[in-house]
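I have placed the structure first, in the form of structure tokens, so that the comments after it can refer back to it.
Below, each value reflects all heavy atoms present in this structure, side chains not excepted, and no hydrogens, waters or symmetry copies. Proteins get letters first, then strands, A, B, ... in listed order; numbering begins at 1 in each.
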Number of protein chains: 2
Amino acid sequence: MSAHVRAEDRECPLSTAMSYVGEWWTILILHDCFDGYTRFDQFEANIGLSSSMLTTRLKTLVDNGILAKRAYQERPVRHEYVLTDLGRSLRPILVAMAAWRNEQLAPSERAMVLVDTETGREVEPETIDPVTGLPVSDPRFAFRAGPAAGEEMRARYDVP
Amino acid sequence: MSAHVRAEDRECPLSTAMSYVGEWWTILILHDCFDGYTRFDQFEANIGLSSSMLTTRLKTLVDNGILAKRAYQERPVRHEYVLTDLGRSLRPILVAMAAWRNEQLAPSERAMVLVDTETGREVEPETIDPVTGLPVSDPRFAFRAGPAAGEEMRARYDVP
DNA sequence: CAGTATCCTGTCCGATACTG
DNA sequence: CAGTATCGGACAGGATACTG
């Protein structure tokens, strides 16, 4: 099974998420988008992938509803790629990934940080349960089969 | 460039994170680990990948310090794979990914959910700035070059 | 500039067979 | 049960050339 598998087949939200953002280039393109870049040549220069691969990845992202392709000029026609609402909702995933790596580094060793642009302060993000305020890494939290769980998923969580 | 590239080359924490957890099977194995599974045949059955691939992926995870391989019995020797501290610290990433997908579904459509095991309540995790309490998707947060930023990274964030 | 088309190599990965 | 070894097809992805 490769990345082309639509993970809905496995009815696992993790697999589905991976099918959207599980590829290297996809994450790097999204990173560019979150930083305000919108154009083909900007992606190409920032990321350093071949133009043919970039074409393919952008098409997938547009097909998946993560990016929207819009002409911003006619004659010659030029397009820009902007995040959709669905695309923007991926931000916590990218932030959590960058935060994971930065955690292992001393502040002075970090090449990229998240900042509060109103104060300039560096942010150290946390993924939490908003009800208790506890980090999700607390052992009291665990995955369980949900209402729409199929056979496999229920088997997995029956006394694991 | 493929997944084998050590992302430290690019000195971007996102790339580094991707080099650790950017592959499908890796995420699925980690999911199993977080759910308490530890053995080769359990991974094989739950995930449905070939044994040769599983061998390769487990080796990479052990080499990367995400899993530890321990003999839990001699004669015949049997191993188990358990999360290291570094491995456990990946949990927010998996949780953020599953949460992203579940957000798009009605509660009754969810196949797998995060729960507070002390109350049974479903958790809807959020990635936030602990200082202000705001979600990181708030537009006031942005990535910036950090102290250890190299040439490329600084160029990227000079008036982007 | 913003791509598309083609070629070629390396790698992913399932299938199968084998081992203690 | 817990893997290792080998084979072969499919595809990722770089390099290059071409187009409006």
Side-chain angles (χ1 to χ4, degrees), chain A residues 1-7 9-10 15 18-30 32-33 36-64 67-82, chain B residues 1-7 9-10 15 18-30 32-33 36-64 67-82:
Chain A
M1 175 182 324
S2 354
H4 68 275
V5 171
R6 275 269 69 112
D9 303 347
R10 322 182 114 257
S15 303
M18 278 306 283
S19 77
Y20 280 80
V21 297
E23 286 169 293
W24 250 78
W25 297 134
T26 301
I27 292 283
L28 299 188
I29 293 169
L30 287 173
D32 272 23
C33 292
Y37 297 103
T38 60
R39 283 164 39 190
F40 195 93
D41 65 324
Q42 295 176 324
F43 300 139
E44 200 172 2
N46 282 335
I47 303 177
L49 85 177
S50 62
S51 59
S52 47
M53 267 299 105
L54 181 54
T55 300
T56 308
R57 289 285 162 272
L58 286 174
K59 180 163 168 30
T60 304
L61 285 164
V62 169
D63 290 349
N64 283 349
L67 296 181
K69 178 180 188 171
R70 293 193 329 212
Y72 66 90
Q73 133 183 341
E74 311 284 336
R75 235 175 307 278
V77 60
R78 292 285 177 267
H79 299 99
E80 60 180 354
Y81 298 86
V82 293
Chain B
M1 175 182 324
S2 355
H4 69 274
V5 172
R6 277 268 68 117
D9 303 347
R10 324 183 110 256
S15 304
M18 278 307 283
S19 77
Y20 280 79
V21 296
E23 286 170 290
W24 249 78
W25 298 133
T26 300
I27 292 284
L28 299 188
I29 292 169
L30 288 173
D32 271 25
C33 292
Y37 296 103
T38 61
R39 284 165 37 192
F40 195 93
D41 66 323
Q42 295 176 324
F43 299 141
E44 200 171 2
N46 282 337
I47 303 176
L49 85 177
S50 63
S51 59
S52 48
M53 266 300 105
L54 181 54
T55 299
T56 309
R57 289 288 165 271
L58 286 174
K59 180 164 169 29
T60 304
L61 285 165
V62 169
D63 290 350
N64 284 348
L67 296 182
K69 180 180 187 171
R70 292 193 330 211
Y72 66 91
Q73 132 183 342
E74 311 284 336
R75 235 176 307 276
V77 61
R78 290 286 177 268
H79 298 98
E80 61 181 354
Y81 298 86
V82 294

Under 3.5 Å donor-acceptor pair, Ser50(A) side-chain atoms to dT16(D) base atoms: no
Donor-acceptor pair (no angle test) under 3.5 Å: Ser52(A) side chain, dA15(D) base: yes
Residue closer to the 5' end of DNA chain C, Glu44(A) versus Arg78(B) (nearest nucleotide): Glu44(A)
Just the rounded figure in Å: distance from [atom2] of [N] to [atom1] of [X].
X        : N       : atom1 : atom2 : value
Gln73(A) : dG3(C)  : CD    : C1'   : 14 Å
Trp25(B) : dC12(C) : CH2   : C1'   : 11 Å
Trp24(B) : dC12(C) : CH2   : P     : 17 Å
Phe40(A) : dG3(C)  : CZ    : P     : 6 Å
Leu28(B) : dC13(C) : CG    : P     : 11 Å
Glu23(A) : dG13(D) : CD    : P     : 6 Å
Lys59(A) : dT4(C)  : NZ    : P     : 9 Å
Met53(A) : dC11(D) : CE    : C1'   : 9 Å

Residue among Asp63(B), Thr55(B), Thr56(B) satisfying side chain to side chain donor-acceptor pair (under 3.5 Å) with Lys59(B): Asp63(B)
Carboxylate-amine/guanidinium proximity below 4.0 Å for Arg70(A) and Glu80(A): yes
For the student: nearest non-hydrogen atoms of Met18(A) and Glu23(B), plus distance: CE-C, 3.7 Å
Counting just side-chain N and O atoms, does [X] come under 4.0 Å of either OP1 or OP2 of [N]?
X        : N      : result
Ser51(A) : dG3(C) : no
Tyr72(B) : dC1(D) : no
Arg39(B) : dA2(D) : yes
His79(B) : dA2(D) : no

Residue closer to the 5' end of DNA chain D, Pro76(A) versus Arg57(A) (nearest nucleotide): Arg57(A)
Among Leu30(A), Leu54(A), Ile47(A), the one residue meeting side-chain contact (heavy atoms from CB on, under 4.5 Å) with Trp25(A): Ile47(A)
Touch class at under 4.0 angstrom, heavy-atom based, for Phe43(B) against every strand present: nothing
Mate of dG20(D) where both pairing distances stay under 3.5 Å, Watson-Crick or G-U: dC1(C)
Spacing of Ser15(B) atom OG and Trp24(A) atom CH2 [to the nearest 0.5 Å]: 4.5 Å
